[in-house]
Amino acid sequence: MDIAVKLQGITKRFDAFTANDRIDLSVRRGEIHAIIGENGAGKTTLMNVLFGLLQPDEGTISVNGKPLVVTSPAVAIAEGLGMVHQHFKLVPSLTVADNIFLGMEIRKRGLIDRKAQIEQARTLSRKFGLNVDPAERVAGLSVGIEQRIEILKVLARNARIIILDEPTAVLTPQESRDLFATLRSFVEDGMTVIFISHHLEEVMAVSDTITVLRDGRVVATRGKSELSKRELVRMMVGRDVSFDRRPRSPGSGRAVLSVSDLWARDDRRLPALKAVNLSVSAGEIVGIAGVAGNGQTELAEVLSGLRPASHGSALLHGKELLEHSPAEIRARGLAHVPGDRLARGVDGNATLSANMLMGRQRKQPYSRRGLIDWRAVDRETKALMQRFDIRARGPRDLASSLSGGNIQKVVLAREFTAGGDFLLIDQPTRGVDIGAQEAIHSEIMRQRADDKAILLISTQLDELAALADRILVMFEGRIMGEIDGAAMDEESIGLMMAGIDPVAAAEV
Amino acid sequence: MIASLLPRNLRRTLAGQLLALAIALALGAVVILMIDENPLRVFATLMRGAFGDSEKIAGTLLQTTPILICGVAACIGLRGGMFNVGIEGQLFLGGFAAAWVGFSFALPPVLHVLVAVAAAVAAGAAWVSVPAYFRVRFGANEVVSTILANYVAVLLTSYFTIFLFKRPGGWSETPPILPSAYLPELFSFSRLNIGLLIGLALAVATALFFRFTTTGYAVTMVGSAPKFAEYGGINVRRAGFGVLLASGAVGGLAGGVETLGVHHRFMEGFAPGFGFDGLIAALLANGSPIGTIFTALFFGALRAGSLLLEVDTTASREIITVIQALIILAVSADLLLRRKGDRTGGRRWKF
Ligand SMILES: Nc1ncnc2c1ncn2[C@@H]1O[C@H](COP(=O)(O)OP(=O)(O)OP(=O)(O)O)[C@@H](O)[C@H]1O
Ligand SMILES: [Mg+2]
């Protein structure tokens with residue numbers, strides 16, 4: 001058997017905390033090997049160890065049968081390893097091509113040969129079917145595109161063993177299918193793929209072998225055919241989890257948000273929202289479906305005061321909210337879970353307490369007459385950590401030291417308890433493990449039962465199917481149509497997400 | 001409580017800065033060797049010049065005072081994500097404004113000092129208000145505009161001194177201020193005055209402000225994660241403007257303290273480089289006002305020690321400038337390394 005990567009007895013501690021505990025892992029050449037486990041199980045840590053970003057306290061690594069001390073990513077890259085991180089690491093002010101060739105610039109007479117870089121980037125993206133415009137600046141691009149750039153970066157470095165940390169968290173089902181087709185073609189080419197995911201369907205669909213981690217230990221490594229999804233869930237969370245449609249009773253129906261003829265531009269000054277009309281009532285969850293980058297982010301930003309609208313109106317409790325500052329809109333009842341949690345949702349260099357304090361720093365008991373009571377903040381933070389099952393050592397931990405899913409829970413905890421009656425929720429379960437997903441869904445349903453008006457943006461159709469009362473489908477900045485959440489039919493949603501009006505399609 | 005005023009990653013920061021310092025001093029030693037002096041003798045002379053006896057210590061503290069106040073000004077800017085490189089200019093204008101109040105008006109003793117200090121503070125804030133406005137209104141880089149404003153400030157105060165308020169006689173300086181506007185001195189044997197205490201109190205107050213007030217929290221968040229702060233409902237522009245204004249006001253105060261406490265008049269080029277030294281002291285302290293007390297003391301000692309250097313060795317006082325420049329290099333290298341060490345972390349670059 002041809003082993004591409006072999007980890008033996010890997011242990012990694014952060015102070016007293018053991019993130020990886022004597023982990024053994026063998027990955028065969030030419031296979032897709034999935035690594036799954038709850039948030040904080042140690043998946044990212046293990047991959048960082050393999051890629052040389054972290055040094056293990058114990059254990060050995062061998063790559064292609066050769067023992068290796070991976071002192072830095074450069075060593076790993078030289079051995080043909082490549083990693084796409086859970087949180088992307090692109091330089092926003094540079095172009096796509098510049099990012100791809102960062103650190104290995106193509107030179108001509110000592111200068112960077114931009115033209116050649118763009119050419120090569122284009123060739124690369126064609127070859128692997130990863131459609132991007134290499135001359136564009138990264139700053140204005142969607143997360144979905146950013147990920148393609150990250151993959152191209154790895155490919156440009158001739159990686160033969162590719163590690164992807166939650167590659168599909170930010171993708172739509174269609175994009176994920178495309179990605180997996182690409183990964184399949186990689187392994188058919190003799191490359192090896194290791195990927196981390198919280199989506200068990202896709203894990204079952206594409207991987208050859210599955211390793212389950214729990215609390216820093218390996219629970220099992222099995223061939224896919226030996227496992228069912230239910231067994232996987234059991235191994236991961238230790239109980240059954242259900243994602244059936246949630247039962248509900250009708251809300252009060254009081255109008256909370258009504259948006260009419262809303263237009264806005266994106267960062268590149270192109271129209272991103274076109275004549276959007278929608279309304280959300282109290283006790284109702286309105287879902288927004290669509291392929292990422294079709295105006296959902298812009299819609300959320302306009303409604304939260306972070307982006308100016310060019311035209312139209314948006315009434316919150318009957319009063320115009322456009323042209324108002326984020327603070328004013330929040331004061332009128334908005335709570336907002338942003339799609340880009342690392343840039344908007346938290347300050348990674350600040351403590352959990354400081355992150356929880358945001359937006360409520362002038363309220364009691366957090367402060368009194370302009371003076372912050374950090375002890376009260378810590379206490380409240382601890383309570384929220386308990387209620388939302390945030391796995392960290394304490395309120396004084398830096399947000400950046402948490403695992404990806406736990407950072408998301410910090411944002412949710414803060415926003416769901418901010419007291420707003422209009423919740424704008426963008427990708428609530430991105431990167432969250434299935435146990436926590438279920439808990440977050442329950443929390444959203446609880447907010448609905450509290451008669452809150454909820455606008456839920458998600459690229460995961462099963463999430464919308466479980467939660468939404470009505471689903472609006474967005475395509476290129478327009479609302480293509482509305483579907484009853486209880487009678488969701490994937491066929492017509494799929495058509496609308498591709499920009500085709502199902503009624504018109506049926507008539508033809 | 002004092003512990004909570006210090007930066008969280010203190011050990012890492014301290015180790016990095018000390019290493020940077022050591023490297024800078026080692027490189028300085030090489031430069032000293034190149035001019036055929038004995039580095040040990042030079043450093044020993046520096047130490048003696050800075051701390052040799054109580055008069056020398058007072059001299060060091062006298063030099064420390066404006067560096068400390070300018071350093072606090074820089075810390076305020078850094079915390080709010082603003083790089084105020086214009087402290088030098090604010091210091092000059094503050095110094096001039098205080099002197100003008102000091103020699104133009106006859107006021108009762110304490111009141112005179114207060115009005116003169118207020119004038120210095122107002123002048124510093126006014127001087128930074130234009131770059132601050134351009135920064136928050138049009139996004140003009142404050143580093144560039146405040147540097148440029150420095151030249152204007154230095155020349156403008158020279159113009160005032162030479163053409164409008166020149167004291168009859170030789171030097172380019174204003175008439176002396178009235179004794180009622182003098183800052184009280186601490187000891188009989190030195191010009192060291194309560195300016196030092198003002199600086200110390202200011203450093204502690206600033207640290208407390210950032211740690212324990214809601215406004216301080218908001219400003220800190222704007223500095224460390226502007227998009228998060230904006231999302232959370234903090235008015236990022238207003239915070240940025242306020243931070244620059246406060247930073248400029250403290251810069252002006254530094255100038256006022258220098259004229260009212262030390263020179264008792266405004267002279268052309270009266271406080272060369274204090275603004276820049278303060279900025280470096282703040283950077284070396286990683287933006288911590290408490291840390292700045294110590295780094296300012298270090299730079300004050302270098303300056304004071306260098307006086308004896310010219311007397312006792314063949315090394316010129318400029319060697320101090322060289323050492324300072326090396327420290328800046330080493331510290332910025334440390335900052336870069338630290339950012340690189342953070343590589344498993346976030347996705348956005350920021351300064
Ligand atoms: N730099 C660090 N300092 C301290 N603790 C850390 C650090 N990095 C990770 N941890 C801790 O180690 C544990 C494992 O984190 P890791 O990021 O590997 O989880 P994960 O399995 O990738 O989770 P997720 O699915 O949420 O991404 C977490 O409890 C996390 O808080
Ligand atoms: Mg992870």
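Quick note on labels: first sequence line is chain A, next is B, and so on, each numbered from 1.
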Task: Heavy-atom closest contact (A:Ala327 atom, B:Gly233 atom, distance) - done: CB-O, 3.0 Å

- [ ] Would you sort out whether B:Thr213 and A:Ile372 count as a side-chain contact (heavy atoms from CB on, under 4.5 Å), showing the intermediate values?
- [x] CA-CA 5 Å; B:Thr213 68; A:Ile372 297 175; over 6 Å; no

TODO: State, to 0.1 Å, how close A:Ala343 and B:Lys227 come at their nearest heavy-atom pair, and which atoms those are.
DONE: O-CB, 3.5 Å

- [ ] Answer yes or no for A:Arg330 and B:Tyr231: cation-pi contact, defined as NZ/CZ to six-membered ring centre under 6.0 Å and angle to ring axis within 45°.
- [x] yes

Open item on the list: Taking every non-hydrogen pair under 4.5 Å, which of A:Arg344, A:Arg369, A:Gln361 racks up the most with chain B?
Closed with: A:Arg344

Task: Heavy atoms from other residues, nucleotides or ligands near CZ of B:Phe209 exceed 12 (cutoff 6.0 Å) - done: yes

Task: Residue part contacting chain B, namely of A:Leu357, when any heavy atom lies under 4.5 Å - done: both

Open item on the list: Which residues in residues 406-420 of chain A have any heavy atom closer than 4.5 Å to a heavy atom of chain B?
Closed with: A:Val411, A:Arg414, A:Glu415

Open item on the list: Heavy-atom count check: over 12 atoms from other residues, nucleotides or ligands less than 6.0 Å from A:Arg157 CZ?
Closed with: yes

Open item on the list: Can you tell me which portion of A:Ala331 sits under 4.5 Å from chain B's heavy atoms? Options are side chain, backbone, both or neither.
Closed with: neither

Task: Other residues, nucleotides, ligands: >12 heavy atoms within 6.0 Å of A:Arg393 CZ - done: yes

TODO: Test A:Asn349 against B:Ser224 for side-chain hydrogen bond (donor to acceptor under 3.5 Å, both in side chains), laying out the working first.
DONE: CA-CA 8 Å; A:Asn349 299 319; B:Ser224 76; 6.0 Å; no

- [ ] Measure the spacing between OG1 of B:Thr214 and CZ of A:Arg362 and express it to the nearest 0.5 Å.
- [x] 4.0 Å

TODO: Would you mind telling me which of A:Ser401, A:Ser367, A:Ser325, A:Gly370 has the largest number of heavy-atom pairs within less than 4.5 Å of chain B?
DONE: A:Gly370

Open item on the list: Just so I understand: if I count every heavy-atom pair under 4.5 Å between each of A:Val346, A:Asn355, A:Asp373 and chain B, which residue has the most?
Closed with: A:Val346

Task: Contact summary for A:Met358 and B:Ala229, nearest pair of heavy atoms - done: CE-CA, 3.8 Å

